[in-house]
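Only one structure is covered here, and it is reproduced in the block below.
Residue numbering restarts at 1 for every chain, and letters A, B, ... go by the order of the sequence lines. The analysis underlying the following values was restricted to heavy atoms, covering all of them including side chains, and did not include hydrogens, waters or symmetry mates.
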There are 2 protein chains.
Amino acid sequence: MRRLSGMARRRQAVTIKHVAADAGVSLQTVSRVVNKEPSVRPEMVARVQEAIDRLGYVPSIAAQRMGGSRSYLIVALNDRERTIADWRARQGTDWVDQMLLGGMLTCATYGYRMIVELVDTHSDHIARELMGAIAALQPDGVILTPPHSENPLIVDLLEAQRISFVRIGSRRAGAGFALTMDDERAARIATEHLIALGHERIGFIAGPPDYELSAWRVDGWRAAMADAGLADDLLASGDFGYASGQQAAVALLDAADPATAIIASNDQMALATLETCRDRKIVVPRDLSLISFDNTPIVRFTHPPLTAIDQPIAELAGRAVELIIAELGGREAPEQPIVLPAKLELRQSTAPRR
Amino acid sequence: MRRLSGMARRRQAVTIKHVAADAGVSLQTVSRVVNKEPSVRPEMVARVQEAIDRLGYVPSIAAQRMGGSRSYLIVALNDRERTIADWRARQGTDWVDQMLLGGMLTCATYGYRMIVELVDTHSDHIARELMGAIAALQPDGVILTPPHSENPLIVDLLEAQRISFVRIGSRRAGAGFALTMDDERAARIATEHLIALGHERIGFIAGPPDYELSAWRVDGWRAAMADAGLADDLLASGDFGYASGQQAAVALLDAADPATAIIASNDQMALATLETCRDRKIVVPRDLSLISFDNTPIVRFTHPPLTAIDQPIAELAGRAVELIIAELGGREAPEQPIVLPAKLELRQSTAPRR
DNA sequence: ATGAAAGCGCTAACAT
DNA sequence: ATGTTAGCGCTTTCAT
């Protein structure tokens with residue numbers, strides 16, 4: 001057995017003092033060099049930088065924060081319930097992965113770190129949880145993901161705290177930057193693809209109403225149908241869960257004039273639709289074309305692999321980080337929501353209508 | 001356009017001072033209550049706690065760290081190259097997800113946060129990168145994952161810094177805790193399952209040698225084969241990549257006395273084997289039984305779904321966090337490597353030998 | 001059992 | 001252009 005209770009209180013190995021002493025300058029000059037302030041003579045910069053490199057000095061973000069500077073921390077807020085459920089289910093939902101890597105790598109290029117936090121959207125103590133995270137971490141910025149992006153409690157709180165934040169998957173004006181992949185356009189593209197294949201009875205399985213993007217996707221589908229002079233009666237609603245997808249699929253397939261093509265608002269509901277077809281000996285894509293709205297890894301391994309909307313999640317996270325850092329730097333930020341377009345990934349689940 | 005350059009230097013909303021004033025006690029007493037020190041009268045604790053709750057006070061971890069206490073931060077170190085490659089490929093590798101959630105949720109229960117950091121294993125500036133992260137974040141602990149867990153540079157550096165750390169996927173004694181899923185036993189179980197099904201020509205596709213676990217898995221297979229009196233000549237080596245899996249599969253299937261069952265050391269190589277079989281009209285599991293060593297989401301969606309070793313990655317990460325926090329608390333820690341056993345997940349890719 | 005004082009590493013504000 | 005001073009919010013001494 002080993003005991004380390006007596007572990008020496010760990011101090012910073014090399015501090016700004018050491019560098020200052022080594023370079024024969026004041027603390028402040030070192031600080032200025034570290035923070036790339038303009039008012040330092042080049043020769044001084046060189047001397048200090050040399051000392052920094054030789055000593056391997058890296059500033060402590062805790063101390064920087066205490067000194068009134070940034071924390072170099074960005075918090076990415078995800079929905080607890082949903083994130084944990086997806087993780088437990090192990091069904092290949094790679095949202096967190098895409099989010100984490102996209103945000104993290106961009107953070108790294110700016111000397112920032114990203115911390116993932118989970119909070120319940122449907123909770124009365126949501127304000128307490130959020131305030132706790134903010135008070136503890138003092139992040140320089142917060143990235144909101146759906147459905148938090150539309151949660152007025154969260155948005156108002158962040159605004160009141162004057163923390164710069166980004167709302168991913170939101171188009172609303174207001175506090176924080178809105179960053180979206182344009183769900184409406186994505187749904188439109190998917191629908192138009194099916195129309196081009198000759199389909200006229202195109203069903204749509206919507207997501208839950210607490211995600212605003214659910215409505216946008218329906219809008220896009222509806223608009224494309226209207227443009228083509230087609231009826232938009234084949235709308236079914238789901239909740240992003242597998243079971244709801246089954247029910248929706250059954251409804252669309254059992255309609256008097258049934259669907260010959262279906263767009264599902266996420267991968268689980270698309271998978272459920274595929275399974276429902278298999279049960280009923282409906283062959284995809286021969287008898288039914290199917291499009292998923294999530295390009296998660298599994299939709300490439302189903303039979304047939306699914307044509308899907310590819311959401312630029314990593315890019316959104318990266319861009320979110322850049323917006324926050326830009327605002328911190330006092331740079332002007334766009335008033336208009338930024339749009340990173342989704343693409344339609346063509347695979348084998350869509351075919352011309354028979 | 002909006003400018004926020006003049007954003008007021010953000011201060012902690014409610015500090016220990018406010019609580020002290022509100023409760024009519026000294027800073028120190030509040031600190032003692034927060035840190036659950038025993039030497040405070042119950043009535044005092046109650047009074048202070050009431051003020052804390054009412055004011056919604058949460059200590060700043062930056063300030064705590066500056067005061068010489070913990071940082072409440074744990075760094076999880078992953079291999080940069082591999083992690084980025086897996087993420088880009090979007091092939092459903094959910095290692096990071098499992099790692100993150102498992103570690104994060106356990107951290108949360110203890111008031112800790114986990115920060116994922118990527119560093120190159122094969123790099124001369126690895127020491128600099130690691131020291132930079134340590135100096136900047138001052139983490140209370142570090143979780144090492146393969147292949148970092150066996151990297152002497154990293155291990156020695158962490159030991160020298162006296163930072164408590166855990167080596168996941170390692171059995172070596174030495175600094176830091178070793179935490180493993182017992183790869184040897186997992187390989188043995190998989191092999192024995194095939195032997196029980198009547199297979200005698202069982203091939204094994206090994207992983208790259210810079211992962212020690214690659215050798216352990218081979219050992220487990222070899223031991224099981226020896227126990228059953230079977231030859232262990234059907235060993236092929238891969239590098240965890242798809243292409244290497246194809247080559248290995250071809251070698252095992254083209255042997256003079258070919259394999260009737262194959263165990264692949266990871267999912268990509270198992271998938272490659274499955275694809276190779278399909279090309280050659282070898283039906284799985286009728287003609288060949290196949291076991292994957294990764295229970296990633298996709299292996300459930302292949303045809304047939306693959307029998308696979310399920311690695312308890314999330315549990316390992318959670319346990320790693322607990323070990324670090326326990327050591328920080330001065331509690332005794334086990335000298336022996338901790339083993340969280342893997343399970344064999346039976347699906348449809350294994351069948352009795354024909 | 002509680003309080004007062006000093007200092008952690010850094011930066012902002014104010015000198016020079 | 002550089003140095004000096006005074007905190008930031010907290011925890012550790014050390015006193016009482």
A/I61 has an atom CD1; how far is it from atom P of C/dC10, in whole Å?
-> 12 Å
With distance as the sole test, does A/D140 use its side chain to make a donor-acceptor pair with the main-chain N or O of A/Y72 at under 3.5 Å?
-> yes
Least distance between heavy atoms, A/L157 atom then A/I134 atom = CD2-CD1, 4.1 Å
Indicate whether any N or O donor in one side chain lies under 3.5 Å from an N or O acceptor in the other, for B/N151 and B/T121.
-> no
note: A/R11, atom CZ; D/dC10, atom P; distance rounded to Å ~ 19 Å
Checking B/L77, B/I143, B/L340 against B/I168 for side-chain contact (heavy atoms from CB on, under 4.5 Å), the one that qualifies is B/I143
Under 4.0 Å: is that the gap between some side-chain N or O of B/Q64 and OP1 or OP2 of D/dT11?
-> yes
Does a donor on one side chain sit under 3.5 Å from an acceptor on the other, for A/T15 and A/H18?
-> yes
Kindly state which residues belonging to residues 12-27 of chain B come within less than 4.0 angstrom of DNA chain C, counting heavy atoms of the residue only, listed by number.
-> B/V25, B/S26
Does the D/dG9 base have a donor-acceptor partner in the side chain of A/R65 within less than 3.5 Å?
-> no
Quickly work out the B/Q28 CD to D/dT16 P distance and round it to whole Å.
-> 16 Å
Nearest-Å distance, CZ (B/R32) to P (D/dT13)?
-> 12 Å
Identify, residue by residue, the members of residues 33-60 of chain A with a heavy atom below 4.0 Å from DNA chain C, and return them in order of residue number, or none.
-> A/N35, A/Y57, A/P59, A/S60
Under-4.0 Å salt bridge between B/R172 and B/E150 = yes
Whole Å only: how far is the CE atom of B/M66 from the P atom of C/dC8?
-> 9 Å
Round to a whole Å and report the spacing from OH of B/Y72 to C1' of D/dT11.
-> 11 Å
For the side chain of B/A63, starting at C-beta, report the closest nucleotide among C/dG9, D/dC10, C/dA4.
-> D/dC10
Candidate nucleotides C/dT2, C/dT11, C/dA4, ranked by approach to the side chain of A/S31 - the nearest | C/dT11
Under the salt bridge (Lys or Arg N to Asp or Glu O under 4.0 Å) rule, what do B/R54 and B/E50 come out as? Steps first, then yes or no, please.
-> CA-CA 6 Å; B/R54 188 153 36 75; B/E50 198 275 332; 2.9 Å; yes
Above 12 or not: heavy atoms from other molecules or residues under 6.0 Å from CD of A/E37?
-> yes
Ionic contact status for B/R80 with B/E129, cut-off 4.0 Å = yes
